[in-house]
There are 2 protein chains.
Amino acid sequence: MTKKPKLETVASEAGVSVATVSQVMRGTGRISEKTRKKVLRIAQKLNYVKDGRAASMRSGENKEIGLAIHHISNPFNAEVISGASDLLEDEGYLLSTLDARDNATRQRRQLEAFIRSSRGGLIWVPAQGTPTSTYDLLQTHGLPAVTFLRRPDVGLLDHVGIEDSDATAVATNYLVSLGHRHIAFLGGIASVAPRSERIAGYRSALIESGIKDSIVWDTEDNRHAGMDAMFELNKAHPEVTAVVCNGDMVALGASLAILQLDRVPGRDISVIGFDDIEEAAISMPRLTTMAVCPYQLGRKLARVMLDRIQDPGLPKTVTLVPATLKIRESTGTLKAYNT
Amino acid sequence: MTKKPKLETVASEAGVSVATVSQVMRGTGRISEKTRKKVLRIAQKLNYVKDGRAASMRSGENKEIGLAIHHISNPFNAEVISGASDLLEDEGYLLSTLDARDNATRQRRQLEAFIRSSRGGLIWVPAQGTPTSTYDLLQTHGLPAVTFLRRPDVGLLDHVGIEDSDATAVATNYLVSLGHRHIAFLGGIASVAPRSERIAGYRSALIESGIKDSIVWDTEDNRHAGMDAMFELNKAHPEVTAVVCNGDMVALGASLAILQLDRVPGRDISVIGFDDIEEAAISMPRLTTMAVCPYQLGRKLARVMLDRIQDPGLPKTVTLVPATLKIRESTGTLKAYNT
DNA sequence: ATCAATTGCTATAACGTTATACCATGGGTT
DNA sequence: AACCCATGGTATAACGTTATAGCAATTGAT
């Protein structure tokens with residue numbers, strides 16, 4: 001294996017200076033067509049790839065941007081990543097993903113590594129219990145950052161999220177319109193955004209309809225936990241005939257629990273999800289949900305990130321995308337015997 | 001926002017030289033306890049984080065390693081990532097993930113970016129149709145690399161995979177032992193490893209049992225595609241009473257299709273998966289599958305990567321982990337009227 | 001023939017680390 | 001006093017790029 005080629009290697013082989021080679025590689029400066037061709041040919045022959053560390057150090061540019069999120073396996077998140085990645089790649093950036101599994105300490109370490117390598121930007125969902133010192137860290141190092149889904153109290157960063165409160169209110173109102181009176185909110189742990197806002201939407205819808213009973217039940221946002229939680233919820237509150245879920249994965253888990261209790265989602269107990277992941281349209285029964293288009297959300301995220309990189313002086317922006325009710329079979333009118 | 005602090009900033013504040021600060025930060029050299037404490041205190045105060053680009057450039061070390069995979073949203077892959085990430089973090093490395101969505105061109109671009117930034121190492125699943133030039137690229141630049149799941153023909157890299165052929169034979173034999181005679185293989189596209197090996201295992205098991213009928217049906221490896229494919233398969237080959245799937249996601253999709261045909265997986269048609277993702281244990285019906293522990297697989301992968309980094313001269317290794325049959329409800333004996 | 005402008009290229013100083021070599025100083029031993 | 005040898009530091013040259021300034025030629029206008 002020959003030594004890794006650098007500018008100098010190419011330059012001496014081509015009989016020109018490193019400056020010339022550098023300019024050829026970047027397509028800048030005034031270079032005759034003849035030497036340009038020659039340098040390119042030799043660079044290709046030697047398999048030359050520039051050292052991005054040196055380049056980025058000198059030029060201050062870095063086309064690698066990071067995305068730090070909890071639970072990449074969540075299909076919603078995965079689609080967001082696809083959307084962001086597609087748009088960024090079109091602009092010559094590279095998106096790499098970190099999964100902190102919602103652990104603030106782990107996330108801190110990961111963000112430090114990002115700062116260490118002076119990444120071009122960061123899109124992130126703050127992990128649960130993120131201390132303000134982490135926001136400070138980003139601030140002092142001037143890393144262009146956009147938060148996603150969870151909006152921190154310190155509003156120093158750009159943010160892209162969902163109209164959580166409105167959407168959850170719409171979902172709740174829909175269940176009320178079907179005749180349900182005992183409606184629970186299921187999913188999420190602690191009161192991190194956006195869960196707290198969703199609960200607010202849920203509560204305000206109930207109050208508007210003159211329903212006093214409000215039941216909020218904690219779970220981690222995955223299928224298994226959602227299933228277990230639904231069992232518990234049903235045991236503790238058998239009167240509940242409808243649940244608004246904090247995400248489709250929880251809703252799918254809840255549906256599973258209902259089926260295992262020999263009831264049918266949408267007939268005996270109504271379930272409404274949030275996200276509209278691909279599986280929602282093919283599950284049994286098919287899931288009624290508050291749909292947001294995660295792919296488009298990802299693109300929006302990338303757009304905000306690019307704008308921030310291009311002009312760090314811009315005022316901070318907050319973008320909230322709406323969610324729309326998608327009615328399928330997991331919801332239905334309240335049966336007579338349940339009233 | 002203050003300027004980004006560097007060694008010099010810390011040094012002048014502490015009244016020492018940059019060399020001293022550098023040594024303190026790395027815990028090398030001879031430094032008195034007194035100045036050590038002082039420097040550390042000031043570095044902390046200034047939120048100093050070293051520039052990894054400069055450090056890595058000078059020292060030749062890089063503690064960032066990359067994982068390039070198709071479809072991070074696949075729960076199996078996600079668990080592998082967790083396992084690898086945990087072990088690597090313990091050793092002070094950072095793992096970031098790239099999703100090429102099984103596109104060779106996209107993957108090529110991503111790997112080039114990795115070489116540009118001289119990452120410490122690469123764990124990857126070669127995308128479908130990866131040209132040999134991509135392997136060459138890794139070779140010429142000496143990037144320590146480990147392939148995963150899909151073993152390239154050019155055996156120049158370390159590899160960690162699954163005993164695909166054996167496992168699929170075990171699955172097929174189990175179905176035969178339940179009385180099934182018309183068994184199909186469902187999932188995967190084209191003949192990339194490990195699918196071709198799985199098909200080999202499936203075929204050899206059939207031949208051993210004296211069954212001539214072998215049906216291989218293509219699908220992308222996700223739930224939706226699996227469902228659609230099962231519909232088609234059933235239409236084309238209504239005689240099939242059992243399917244061996246190329247992954248749990250396909251198997252879950254197939255189960256869904258069977259249910260929608262008003263049949264029951266495990267009673268009318270047997271379904272057997274591969275991977276044993278978390279959902280397999282809670283789906284309806286619960287999925288019989290060839291279980292591998294993806295988390296442990298991830299750790300193994302990280303271990304191989306670290307060994308390779310530590311000693312690039314080591315002979316290349318190939319590790320194949322076994323899969324074990326986990327019997328649940330999606331498989332059952334052949335009913336009389338089906339023979 | 002003179003001056004100005006353009007073309008094509010090069011020399012060189014950064015960027016922020018780390019590795020190496022080196023230099024004081026202050027004991028202990030003879 | 002002369003020596004050795006720790007101890008606790010510092011100065012400085014890399015690492016591989018890019019940005020800037022500048023220098024010969026060549027061309028074109030007068």
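Quick caveat: nothing in here was measured; it's all calculated off a predicted structure. Below, chains carry the letters A, B, ... as their sequence lines are ordered, and counting in each starts from 1.
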When you check the phosphate oxygens OP1 and OP2 of dA11(C), does a side-chain N or O of Ser17(A) lie under 4.0 Å from one of them? no
Please enumerate all residues that pass side-chain contact (heavy atoms from CB on, under 4.5 Å) together with Ser12(A), with sequence neighbours excluded. none
So do the side chains of Val10(A) and Glu13(A) get within less than 4.5 Å of each other, counting heavy atoms only? no
Closest non-hydrogen atoms of Asp99(B) and Arg106(B), given as atom of the first, atom of the second and distance, are O-CD, 4.2 Å
Quick one: how far along DNA chain D does chain A reach, first to last nucleotide 5' to 3', anything under 4.0 Å to a heavy atom? dG16(D) to dA19(D)
Minimal non-hydrogen separation, Gly161(A) against Leu297(A), with atom names: O-CD1, 4.3 Å
Quick check: do Leu87(B) and Lys300(B) have side-chain heavy atoms less than 4.5 Å from each other? no
Distance col, row Gln107(A):CD vs Thr134(A):OG1, nearest 0.5 angstrom, shows 7.5 Å
Five pairs at each end of the helix from dA1(C)-dT30(D) to dT30(C)-dA1(D): take the axis at both ends and give me the angle between them to 10°. 50°
Output every pair passing ring pair (Phe, Tyr, Trp, His ring centres under 6.0 Å) with a member in residues 14-71 of chain B, not counting sequence neighbours, ordered by first then second residue. none
Using 0.5 Å steps for rounding, measure from the CG atom of Asp221(B) to the CG atom of Asn74(B). 8.0 Å
Under a 3.5 Å threshold, yes or no: a donor from one side chain and an acceptor from the other, between Ser17(A) and Thr20(A)? yes
Within this structure, what is the CG-CZ distance for the pair Leu98(A) and Phe114(A), rounded to the nearest 0.5 Å? 4.0 Å
Under 4.0 angstrom, heavy atoms only, what part of the nucleic acid is Gln23(B) near: base, sugar-phosphate, or nothing? base
DNA chain D contacts made by residues 25-35 of chain B, counting heavy atoms under 4.0 Å: Arg30(B), Ile31(B), Ser32(B), Thr35(B)
Is Arg53(B) salt-bridged to Asp51(A), cutoff N-O under 4.0 Å? no
Side chains of Arg26(B) and Ser22(B): is there a donor and an acceptor less than 3.5 Å apart? yes
In residues 37-53 of chain A, which residues come under 4.0 Å of DNA chain D by heavy atom? Tyr48(A), Lys50(A), Asp51(A)
Looking at every strand, decide which applies to Ala55(A) at a 4.0 Å heavy-atom threshold: base, sugar-phosphate, or nothing. sugar-phosphate
5′-ward residue of the pair Val18(B)/Met57(B) relative to DNA chain D: Val18(B)
Enter the distance from Gln110(A):CD to Asn103(A):CG here, rounded to the nearest 0.5 Å. 9.0 Å
